[in-house]
Amino acid sequence: ATSTGIDNLSFAIEEMSRTIRTGSNYQTCPGGQQRCTIHNSFTFTDTYGESVTYARSNGSIKKDGNSVTDESLVDVTSLKFYITGANPGIADGLQPYITIVVAGTVSAGPGREDKPFTVQTGANMRAIDL
């Protein structure tokens with residue numbers, strides 16, 4: 001059960017980072033800051049020009065309201081997006097970069113204690129925005 005849960009989580013994080021990496025118009029930091037932390041959700045435009053939001057909801061990661069993690073295997077307790085250089089129109093010399101940190105527990109199966117996890121990955125926007 002733990003292996004299946006970790007595989008599900010791994011697939012979800014890979015899908016998130018790939019979609020974010022090929023996207024644009026990243027959610028900006030409040031007040032024009034160059035670096036910030038956004039808790040629980042992140043919005044951007046995907047490669048097809050559609051607005052996409054990844055969010056933590058009811059213990060799972062959702063993409064536009066649809067689960068990308070299996071709620072019976074993975075319980076997401078924290079989803080954070082660390083944003084750097086995503087404010088358009090500011091000549092900061094920074095390529096937009098997002099660090100994603102996910103924490104929670106993975107089911108170990110009936111009668112067994114769930115296993116805690118914390119994973120991190122990052123994604124640079126592929127389109128040049130310096």
Side-chain angles (χ1 to χ4, degrees):
T2 302
S3 179
T4 302
I6 293 296
D7 287 347
N8 178 261
L9 178 65
S10 178
F11 178 79
I13 291 172
E14 177 62 26
E15 192 266 340
M16 275 179 33
S17 64
R18 182 177 297 130
T19 305
I20 290 170
R21 187 175 29 247
T22 58
S24 61
N25 299 322
Y26 289 177
Q27 178 175 336
T28 59
C29 293
Q33 300 174 52
Q34 289 305 306
R35 291 179 175 82
C36 65
T37 304
I38 305 293
H39 296 268
N40 296 322
S41 69
F42 178 70
T43 302
F44 63 100
T45 303
D46 71 8
T47 191
Y48 303 106
E50 300 291 324
S51 178
V52 173
T53 299
Y54 283 105
R56 182 180 74 85
S57 177
N58 297 325
S60 70
I61 298 173
K62 299 191 182 220
K63 177 181 179 184
D64 296 329
N66 299 310
S67 289
V68 294
T69 53
D70 184 337
E71 294 141 347
S72 68
L73 297 172
V74 180
D75 180 27
V76 177
T77 58
S78 176
L79 178 62
K80 296 179 185 175
F81 298 91
Y82 295 89
I83 303 171
T84 302
N87 290 334
I90 297 176
D92 57 11
L94 298 172
Q95 182 69 3
Y97 186 80
I98 309 302
T99 301
I100 306 161
V101 180
V102 183
T105 58
V106 174
S107 173
R112 296 187 172 175
E113 187 174 328
D114 292 346
K115 305 295 182 186
F117 70 84
T118 301
V119 293
Q120 173 180 313
T121 191
N124 262 72
M125 188 171 76
R126 284 192 178 163
I128 300 298
D129 179 26
L130 295 174

In terms of hydrophobic clustering (I, L, V, M, F, W, Y; side-chain heavy atoms under 4.5 Å; direct or indirect links), are I13 and Y97 co-clustered?
no
Gap between atom CD1 of I83 and atom CD of Q34 - 0.5 Å precision
11.0 Å
Check: P30 main-chain N/O paired with Q33 side-chain donor or acceptor under 3.5 Å:
yes
Which heavy atom of R35 sits nearest to which heavy atom of C29, and what is that distance?
C-SG, 3.7 Å
Between F81 and N40, the two heavy atoms sitting closest are CE1-C, 4.4 Å
Only one of I98, T43, T53 forms a side-chain contact (heavy atoms from CB on, under 4.5 Å) with Q27, so which one is it?
T43
Between A12 and T69, which heavy-atom pair has the shortest distance, and what is it?
CB-CG2, 3.6 Å
Minimum heavy-atom distance between Y26 and A86, given as atom pair plus value:
CB-CB, 3.9 Å
Are any side-chain N or O atoms of D46 and backbone N or O atoms of V52, one a donor and one an acceptor, separated by less than 3.5 Å?
no
Should I38 and Y54 be regarded as members of a common hydrophobic cluster, given that ILVMFWY residues are connected when their side-chain heavy atoms come within less than 4.5 Å of each other, either directly or indirectly?
yes
Where do L9 and F117 come nearest, in terms of heavy atoms and distance?
CD2-CE1, 3.4 Å
Taking the side chain as every heavy atom from C-beta outward, state whether Y82 and Q120 have any atom pair closer than 4.5 Å.
no
Can you tell me how far the CG atom of D7 sits from the CG atom of D70, to the nearest 0.5 Å?
12.0 Å
Taken to the nearest 0.5 Å, the spacing of K115 NZ from T105 OG1 works out to 11.5 Å
Donor-acceptor pair, S17 side chain versus A123 backbone, under 3.5 Å?
no
Return yes if some donor-acceptor pair links the side-chain N/O of Q95 with the main-chain N/O of G85 below 3.5 Å, else return no.
no
Linking I/L/V/M/F/W/Y whenever any side-chain heavy atoms sit under 4.5 Å apart, do V101 and F42 land together?
no
State, with a plain yes or no, whether a side-chain heavy atom of V68 is found less than 4.5 Å away from one of F11.
no
When rounded to the nearest 0.5 Å, the distance separating OG1 of T22 from OH of Y48 is 8.0 Å
If you look at every heavy atom in M16 and I61, which pair is closest and at what distance?
SD-CG2, 3.5 Å
So how far is it from D114 CG to L73 CG, rounded to the nearest 0.5 Å?
10.0 Å
For the side chain of T77 and the backbone of A103, is there at least one donor-acceptor N/O pair under 3.5 Å apart?
yes
Would a 4.5 Å heavy-atom cut-off, applied to side chains only, mark R56 and S78 as touching?
no
Going by heavy atoms in the side chains, are L79 and I100 under 4.5 Å from each other?
yes
Who are the salt bridge (charged side-chain N to carboxylate O under 4.0 Å, His left out) partners of K80, not counting sequence neighbours?
none
